[in-house]
Trainee: 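The structure's right below; bear with me while I get my questions together.
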Amino acid sequence: MYALIDCNNFYASCERVFNPSLNGRPVVVLSNNDGCVIARSNEAKAIGVAMGAPYFHLKKLFKQYNVKVLSSNYALYGDMSSRVMAILARFTPEIEVYSIDEAFLKFNGFHRYDLHSYGSEIKRTVERSTGIPISIGMAPTKALAKVSNKIAKKFPGQTKGVYVMEDEGKRQKALKWLQIDDVWGIGRQYTKMLQSNNVKNALDFTNLPNEFVRDRMSVVGLRLKRDLEGLETLALEQPENKKAIACTRSFDTMYTELGDLQERISTFASVCGRKLRNQKCNCELIQVFISSNQFREDLPQYHGSISVRLSYPTNSTIHLTKASLVGLERIFRKGHHYKRAGIMVMGLTPDTGRQLNMFRPIDHRQGPLMKAIDRLNLMNGYDLVRFGGMDLERKWKMNRNHLSPNYTTRIDDIIKATS
DNA sequence: TCTGGGGTCCTCCCGCAG
DNA sequence: TCTGCTGCGGGAGGACCC
């Protein structure tokens, strides 16, 4: 059996743990730059706040319903997530942390257990230890555990947040209940295609011929179908090093000058360099992109992107910055208003196994230099040491006008108890 | 005025090598 | 030496997830 554990309205719940005055009140959390709504409490969902809706469209509604608006606080959410995952790992040796607020657990050899009571115990323990409410769905496969989880969430009165799909009757009933656009792995495009073929729910989907699914939705769709049929096809995945690392941002204002973009790209290269070094690997390829504002139809649109291959795999911020600036100069077009930019590093190889270039000798001074810079920055908790191309005057600032304190990761922000 | 960010996997196409 | 077939790898693009 598999279980899918999902934290309810995770970001909003994290905020509520340390600020109980938010209980019972609609709460929303915004994306970077306070752009869109990315998390909603049940109360916010009830007044019709849509996922991904732009903040500036909703300001009036928020005022009307006294909605608490918060900027995203990833330091807090990341720390709360590790606490939840550490507790879940006590209940089974087989766990896959699927996302910041979800984990799959596998119960091999648990046939003597009453899984419903075991699930209730997991739920009680997590909620008591962290304050985060969770829902648990159990079923013979991962895709069905996802379905079970939806049932647990949708019917909290009957399920008390734990649902076990233990027989074929329940599977059929659940798949019939689940609308096709709500199935894990079926996005907008596939929904459109399936609906035009009279597929309304998950059960209709499992009744399609394999050849049709394979042909229209590739092997990914076929695997999903088999998993929904109850045949264990999607296995628990073990964490691996990342295969690509990205740093991209939208800007608070539109840029027209190459110099502004050079500063942003240098900063992104530095972030990617640090992430590569943390993961103890190097990259061979950098992709740089710049984009105009897609929402400004009155302005000419442009999306420029380029891949730059490095002489040898590296994680040196100096090399990464140089290469990405070369790329940027090649894609920059004067006369456009740029709103987004980013870089992605790919072709990652571990420190221990990188292929060097016979004709481009490696600069051995850069490894210790980067290590020293990383240590200085770690000790000071922010970018004390920065490179020339970066924003030395700290002009650029992400909009985070509703940020909560870092209750669990910053000593000055720890809650003080007063009598 | 203001619309996020970071990933994965698969298919298709093309160029290259045997 | 040339041609045609085939397999492989890389890049682009499209689907999806949170």
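Being a predicted model, the structure only gives us computed values, none of them experimental. All chains are named by letter (A, B, ...) in the order of the sequence lines, taking the proteins before the strands, and each is independently numbered beginning at 1.
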Trainee: Could you check which of B:dT11, B:dC2, C:dC16 has an atom nearest any side-chain atom of A:Gln189?
Mentor: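 Of all the options, the side chain of A:Gln189 is nearest to C:dC16.
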
Trainee: Compare the minimum distances between each of B:dG4, B:dT11, C:dC16 and the side chain of A:Cys36, then state the nucleotide with the smallest one.
Mentor: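 Closest of the options to the side chain of A:Cys36: B:dG4.
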
Trainee: Rounded to whole Å, how long is the line connecting atom CG of A:Leu70 with atom P of B:dG4?
Mentor: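 A:Leu70 atom CG is separated from B:dG4 atom P by 19 Å.
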
Trainee: Could you check whether A:Asn399 gets within reach of a base, just the sugar-phosphate, or nothing at all, counting any heavy atom under 4.0 Å?
Mentor: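 Nothing: the residue A:Asn399, judged by heavy atoms under 4.0 Å, touches no strand.
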
Trainee: Tell me: CG of A:Asn32 to P of B:dG4, nearest whole Å?
Mentor: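 It works out to 10 Å between those atoms.
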
Trainee: Contact class for A:Gln294 vs. all strands (heavy atom < 4.0 Å): base, sugar-phosphate, or nothing?
Mentor: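 Contact class for A:Gln294: none.
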
Trainee: It should be established whether A:Lys339 places a side-chain nitrogen or oxygen under 4.0 Å from OP1 or OP2 of nucleotide B:dC2.
Mentor: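 Answer is no, no contact under 4.0 Å.
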
Trainee: Rounded to whole angstrom units, what separation is found between the CG atom of A:Asp181 and the P atom of C:dA15?
Mentor: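 Between P of C:dA15 and CG of A:Asp181: 17 Å.
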
Trainee: Between C:dA15 atom C1' and A:Leu222 atom CG, what is the distance in whole Å?
Mentor: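 The answer, rounded to whole Å, is 16 Å.
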
Trainee: Rounding to a whole Å, what distance do you find between A:Met346:CE and B:dG7:P?
Mentor: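 In whole Å, B:dG7 P lies 12 Å from A:Met346 CE.
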
Trainee: For a quick check of understanding: with a heavy-atom distance under 4.0 Å over all strands, which category does A:Ile245 fall into, base, sugar-phosphate or nothing?
Mentor: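 Sugar-phosphate contact only.
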
Trainee: Taking the inter-plane angle between the rings of A:Phe104 and A:Trp184 on a 0 to 90° scale, is it parallel (under 30°), tilted (30 to 60°) or perpendicular (over 60°)?
Mentor: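 Rings of A:Phe104 and A:Trp184: tilted, as their planes differ by 30° to 60°.
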
Trainee: Of the nucleotides C:dA15, B:dG5, B:dT11, which has the atom closest to the A:Tyr190 side chain?
Mentor: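 The answer is C:dA15, which lies nearest to the side chain.
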
Trainee: Between A:Phe110 and A:Tyr118 (judged by ring centroids, cut-off 6.0 Å), do the two rings come close enough to count as a pair?
Mentor: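 Distance test on ring centres: under 6.0 Å, yes.
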
Trainee: By nearest nucleotide on DNA chain B, pick out whichever of A:Asp34 and A:Lys242 is the more 5' one.
Mentor: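 It is A:Asp34 whose nearest nucleotide is closer to the 5' end.
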
Trainee: According to a strict under-4.0 Å criterion, is A:Arg216 in side-chain N/O contact with OP1 or OP2 of C:dA15?
Mentor: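 No.
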
Trainee: Give A:Tyr98 one of three labels, base, sugar-phosphate or nothing, depending on what nucleic acid heavy atoms sit under 4.0 Å from its own.
Mentor: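 Answer is sugar-phosphate: A:Tyr98 comes under 4.0 Å of backbone atoms only.
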
Trainee: Whole-Å distance between B:dG5 P and A:Arg340 CZ?
Mentor: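 Rounded to the whole Å, the gap is 6 Å.
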
Trainee: Is there a Watson-Crick or G-U wobble partner for C:dG4 with both distances under 3.5 Å, and if so, which one is it?
Mentor: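 Across any shown strand, C:dG4 pairs with none.
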
Trainee: I'd like the P distance from B:dT3 over to C:dC17, given in whole Å.
Mentor: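 It comes out at 25 Å once rounded to the nearest Å.
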
Trainee: I'd like to know if the side chain of A:Lys106 and the backbone of A:Met1 have a donor-acceptor N/O pair within less than 3.5 Å.
Mentor: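 It does not hold such a pair.
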
Trainee: At under 4.0 Å, does any side-chain N or O of A:Arg296 touch on OP1 or OP2 of B:dT3?
Mentor: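 No.
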
Trainee: Atom CD1 of A:Ile186 to atom P of C:dC18: distance rounded to whole Å?
Mentor: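 Answer to the nearest Å: 12 Å.
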
Trainee: Just compare C:dC18, B:dT3, B:dG4 and give me whichever is closest to any side-chain atom of A:Ser99.
Mentor: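 Of the options given, the side chain of A:Ser99 lies nearest C:dC18.
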
Trainee: Under a 3.5 Å distance rule, please check whether A:Asn149 uses its side chain to pair with a backbone N or O of A:Ala145 as donor and acceptor.
Mentor: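 Checking the backbone N and O of A:Ala145 against the side chain of A:Asn149, no donor-acceptor pair under 3.5 Å is found.
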
Trainee: Of all the choices, B:dG4, C:dG11, B:dT3, which nucleotide is nearest to the side chain of A:Arg309 once you look at every atom?
Mentor: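 From the listed options, C:dG11 comes nearest.
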
Trainee: Does A:Arg400 come within less than 4.0 Å of A:Asp34, counting only side-chain N to carboxylate O?
Mentor: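 Looking at A:Arg400 and A:Asp34, the cut-off is not met.
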
Trainee: So, do A:Phe295 and B:dT3 meet the stacking rule of ring centres under 5.5 Å and planes under 30°?
Mentor: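 According to the criterion (under 5.5 Å, under 30°), yes, A:Phe295 stacks.
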
Trainee: What is the separation between atom CG on A:Leu234 and atom P on B:dC10, rounded to the nearest whole Å?
Mentor: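 After rounding, the reported distance stands at 11 Å.
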
Trainee: Looking only at side-chain N and O atoms, does A:Ser250 come under 4.0 Å of OP1 or OP2 in B:dG5?
Mentor: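 So the side chain of A:Ser250 is within the cut-off, an N or O lying under 4.0 Å from OP1 or OP2 of B:dG5.
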
Trainee: From B:dT11, B:dT8, C:dC18, pick the nucleotide closest to the side chain of A:Asp101?
Mentor: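 Shortest atom-to-atom distance from the side chain points to C:dC18.
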
Trainee: Examine B:dC9: is either OP1 or OP2 under 4.0 Å from a nitrogen or oxygen in the side chain of A:Lys243? Give yes or no.
Mentor: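 Answer yes for this pair, as a side-chain N or O of A:Lys243 is under 4.0 Å from OP1 or OP2.
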
Trainee: Examine B:dG6: is either OP1 or OP2 under 4.0 Å from a nitrogen or oxygen in the side chain of A:Thr248? Give yes or no.
Mentor: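 Checking A:Thr248 against B:dG6: at least one side-chain N or O falls below 4.0 Å of OP1 or OP2.
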
Trainee: Can you check salt bridge (Lys or Arg N to Asp or Glu O under 4.0 Å) on A:Glu284 and A:Arg309, steps first, answer last?
Mentor: CA-CA 6 Å; A:Glu284 288 175 20; A:Arg309 190 164 285 282; 3.6 Å; yes

Trainee: Applying side-chain hydrogen bond (donor to acceptor under 3.5 Å, both in side chains) to A:Glu229 and A:Thr206, what does each step give before you reach the verdict?
Mentor: CA-CA 6 Å; A:Glu229 286 166 342; A:Thr206 58; 5.6 Å; no

Trainee: Looking only at side-chain N and O atoms, does A:Arg188 come under 4.0 Å of OP1 or OP2 in C:dG14?
Mentor: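 No, outside the criterion.
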
Trainee: Return the 5'-most residue of the pair A:Arg223, A:Ala246 with respect to DNA chain B, ranking by each residue's nearest nucleotide.
Mentor: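 So the residue in question is A:Ala246.
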
Trainee: Of the nucleotides C:dA15, B:dC2, B:dT8, which one has an atom closest to the side chain of A:Lys59?
Mentor: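 Looking only at heavy atoms from C-beta outward on A:Lys59, the closest nucleotide is B:dC2.
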
